[in-house]
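Along the sequence shown, residues are numbered consecutively beginning with 1.
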Amino acid sequence: MFVVNYRRMIARACAIVLIGLMAATGGALTSADAEELKIAAASDLNFAMKDLVAEYEKASGHHVKLSLGSSGNFYAQIQNGAPFDLYFSADIGYPKKLEEAGLIVPGSLYRYAVGRIVLWTNHTSHRDVSKGLEVLRDPAIKKIAIANPKHAPYGRAAVAAMEHYNVYQLVKDRLILGENISQAAQFIESGACDIGIIALSLALAPTMKAAGAYWEIPSNAHPPLEQGAAILKSSKQQEVAKQFVEFMQDKRGQEIMTRYGFTLPQ
């Protein structure tokens with residue numbers, strides 16, 4: 001009798017745990033739910049992607065491990081076998097190269113947004129960014145932050161914009177290079193740099209809006225920041241990755257991207 005009751009107790013306890021897990025995951029428990037979806041995303045997506053991930057996790061029950069950094073560094077890591085499932089680049093050129101190398105799921109590459117850049121400064125610097133990039137001619141400005149153009153698309157766009165306004169040669173020795181666009185923004189927000197060129201998506205985040213002011217650089221001053229994403233062929237979570245992409249393309253995901261200043265593909 002004791003053995004029978006003991007088994008019943010175990011069975012009942014397992015059922016209670018299962019019901020709890022199903023409630024937490026919207027009633028659908030699959031093997032995929034127990035796995036992490038690993039996303040490598042360009043750091044201009046810092047705030048937008050965190051909002052997207054939070055909404056997706058709530059809606060799907062899946063867990064997302066988000067890594068943020070420079071598109072070029074992620075590209076190199078993926079070439080060397082980094083175990084990501086999804087790659088969101090600030091330059092569609094990087095996932096196109098992965099496609100040519102046969103490293104992404106065929107047909108999964110798509111342009112998810114077009115980014116914008118801004119001249120941004122902390123309120124404490126008292127710089128008038130409404131003057132545009134001409135303000136960089138002021139010799140009192142000693143440190144100008146941008147992302148490293150060697151591997152960060154937003155850094156290349158910043159250099160192109162400064163060349164467009166004929167200020168690059170004047171200020172190139174005053175440039176402080178961030179490892180990625182988020183680090184460049186941190187340099188200015190902290191006061192380590194006087195001013196800088198960052199992603200509009202970062203400038204629109206609540207903390208950045210409260211800390212400083214920005215001037216949006218006209219889109220004709222630099223090549224378009226066409227941003228591309230792809231599912232990696234090495235991923236063991238391809239179906240879950242497809243679900244995340246579909247969520248991002250749906251109404252809620254598009255609202256989040258628009259909120260952070262991204263132009264959406266037509």
Open item on the list: Tell me whether V114 shares a hydrophobic cluster with V118, the cluster being built from Ile, Leu, Val, Met, Phe, Trp, Tyr side chains joined at under 4.5 Å.
Closed with: no

Open item on the list: Quick one, S89 with D91, criterion side-chain hydrogen bond (donor to acceptor under 3.5 Å, both in side chains). Give me CA distance, side-chain angles, the key distance, then yes/no.
Closed with: CA-CA 5 Å; S89 171; D91 182 345; 5.6 Å; no

Open item on the list: Please say yes or no: joined through hydrophobic side-chain contacts below 4.5 Å, possibly via intermediate residues, are L232 and V245 part of one cluster?
Closed with: no

Task: Qualifying residues under side-chain hydrogen bond (donor to acceptor under 3.5 Å, both in side chains), relative to R259, sequence neighbours excluded - done: D51

Task: Those residues that, when tested against S70, pass side-chain hydrogen bond (donor to acceptor under 3.5 Å, both in side chains) (two or more places apart) - done: N73, H151

Would you tabulate the side-chain donor-acceptor contacts of residues 79-87 under 3.5 Å, counting partners in other chains and residues two or more places apart, or write 'none'?
unit_1	atom_1	unit_2	atom_2	d
Q79	NE2	Y75	OH	3.0
N80	ND2	A76	O	3.1
D85	OD1	S235	OG	2.6
D85	OD2	K38	N	2.6
Y87	OH	S71	O	2.8

Side-chain donor-acceptor contacts of residues 158-172 below 3.5 Å, not counting sequence neighbours, with atom names and distances?
unit_1	atom_1	unit_2	atom_2	d
Q169	OE1	K172	NZ	3.0

Task: D138: partners by side chain to side chain contact (heavy atoms under 4.5 Å, CB included), with sequence neighbours left out - done: R127, A140, I141

Open item on the list: Test of understanding: clusters of I, L, V, M, F, W, Y form through side-chain heavy atoms closer than 4.5 Å, transitively. Do V240 and L109 belong to the same one?
Closed with: no

Task: Stepwise salt bridge (charged side-chain N to carboxylate O under 4.0 Å, His left out) test for R252 and E255 - done: CA-CA 5 Å; R252 182 61 184 139; E255 286 175 350; 3.4 Å; yes

Task: With sequence neighbours excluded, residues passing side chain to side chain contact (heavy atoms under 4.5 Å, CB included) with K50 - done: N46, L66, L68

TODO: Would you please name every residue forming a side-chain hydrogen bond (donor to acceptor under 3.5 Å, both in side chains) with E239, sequence neighbours left out?
DONE: K242

TODO: Kindly write out the residues that satisfy side-chain hydrogen bond (donor to acceptor under 3.5 Å, both in side chains) with T207, not counting sequence neighbours, or none if the list is empty.
DONE: none

Open item on the list: I'd like to know if E134 and R137 make a salt bridge, using a cut-off of under 4.0 Å between side-chain N and carboxylate O.
Closed with: yes

Distance-only donor-acceptor pairs under 3.5 Å for side chains of residues 215-226, two or more places apart:
unit_1	atom_1	unit_2	atom_2	d
E216	OE2	R116	NH1	3.0
E216	OE2	R116	NH2	3.1
E226	OE2	R111	NH1	3.2

Task: Q238 side-chain N/O to I231 backbone N/O, donor-acceptor pair under 3.5 Å - done: no

Task: Backbone N/O of Q254 and side chain of Q249: donor-acceptor pair under 3.5 Å - done: no

Task: Check: A147 main-chain N/O paired with Q183 side-chain donor or acceptor under 3.5 Å - done: no

TODO: Using modelled atom types only, decide if a donor and an acceptor are shared between the side chain of R174 and the backbone of A145 within a distance under 3.5 Å.
DONE: no

Task: Sequence neighbours excluded, every pair satisfying ring-ring contact (aromatic ring centres under 6.0 Å, His included) that has a member inside residues 96-115 - done: F88-Y112

Open item on the list: Donor-acceptor check, side chain of S43 to backbone of I181, threshold 3.5 angstrom: yes or no?
Closed with: yes

- [ ] Check whether the side chains of E57 and H62 place a donor and an acceptor atom closer than 3.5 Å, and report yes or no.
- [x] no

- [ ] Give the C-alpha distance, both sets of side-chain angles, the deciding distance and a yes or no for side-chain contact (heavy atoms from CB on, under 4.5 Å) between E99 and I104.
- [x] CA-CA 5 Å; E99 182 179 48; I104 70 169; 3.5 Å; yes

Task: Qualifying ring-ring contact (aromatic ring centres under 6.0 Å, His included) pairs, either residue in residues 247-266, two or more places apart - done: Y56-F247

Task: Approximate separation, where rounding is to 0.5 Å, of M208 CE and N122 CG - done: 8.5 Å

Show me the side-chain donor-acceptor pairs of residues 189-202 shorter than 3.5 Å, one per line, residues at least two apart or across chains.
unit_1	atom_1	unit_2	atom_2	d
S190	OG	Q186	O	2.9
S190	OG	F187	O	3.1
S190	OG	A192	N	3.3
D194	OD2	K142	N	2.8
D194	OD2	K143	N	2.9
S201	OG	D44	O	2.5

